[in-house]
Amino acid sequence: GTLLNNAGFIHLVRHPAMVAKSEWLREKLIRKLHLPFVDYISDSGERVFRWALTGKEKIFQHYAGYTLSRFQFYLLQWIIQHLPDTSKKMLNNEAYTKCSDWEAFRQNF
């Protein structure tokens, strides 16, 4: 009850696949409409989509031998951008800290 009334908590539990799909569809639409200024030139001279990570981040190095779809790329981007922040918010949320099992989990985490 208390957590669901907190709009910030609802933001925390967004479904990563839905967010990744939304980002992917947004990029497809932008490319289809041929909107100007959607790419920028990185320091290495590569064209990079303005509203996404570059793909050079550390997590992407684990997938160097694979070809990621744009959906997979955006799913990893969501993980990079939201998981650390979400973890901090959830660990610091008073409703979670009242639970003795959660406290035991935090001590072993």
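Numbering of residues begins at 1 and proceeds along the displayed sequence.
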Minimal heavy-atom distance between F73 and L53, with the atoms involved, is CZ-O, 3.3 Å
Taking all non-hydrogen atoms of both residues into account, name the closest pair between F60 and G55 and its distance. CB-O, 3.3 Å
Return each pair, listed once, that meets salt bridge (charged side-chain N to carboxylate O under 4.0 Å, His left out) where at least one residue sits in residues 51-69; pairs must be two or more places apart or across chains. E46-K56
Does anything in residues 62-78 form a salt bridge (charged side-chain N to carboxylate O under 4.0 Å, His left out)? List the pairs, not counting sequence neighbours. E27-R70
Listing request: all side chain to side chain donor-acceptor pair (under 3.5 Å) pairs with a residue in residues 32-43, at least two apart in sequence or in separate chains. R31-D39, D39-R47, S42-S44
Are the side chains of F49 and T54 in touch, meaning some heavy atoms are under 4.5 Å apart? no
Does any non-hydrogen side-chain atom of V19 lie less than 4.5 Å from one of Y74? no
Are I80 and M18 connected into the same hydrophobic cluster when the rule is that any two of I, L, V, M, F, W, Y join if their side-chain heavy atoms are below 4.5 Å apart? no
Would you compute the distance between atom CD of Q72 and atom OH of Y63 and round it to the nearest 0.5 angstrom? 9.0 Å
Contacts of L35 meeting side-chain contact (heavy atoms from CB on, under 4.5 Å) (sequence neighbours excluded), chain-then-number -> I30, L33, V38
Can you list the residues that meet the side-chain hydrogen bond (donor to acceptor under 3.5 Å, both in side chains) rule with R26, with sequence neighbours excluded? E23
Angle between ring planes, F71 versus W24, binned at 30° and 60°: parallel, tilted or perpendicular? perpendicular
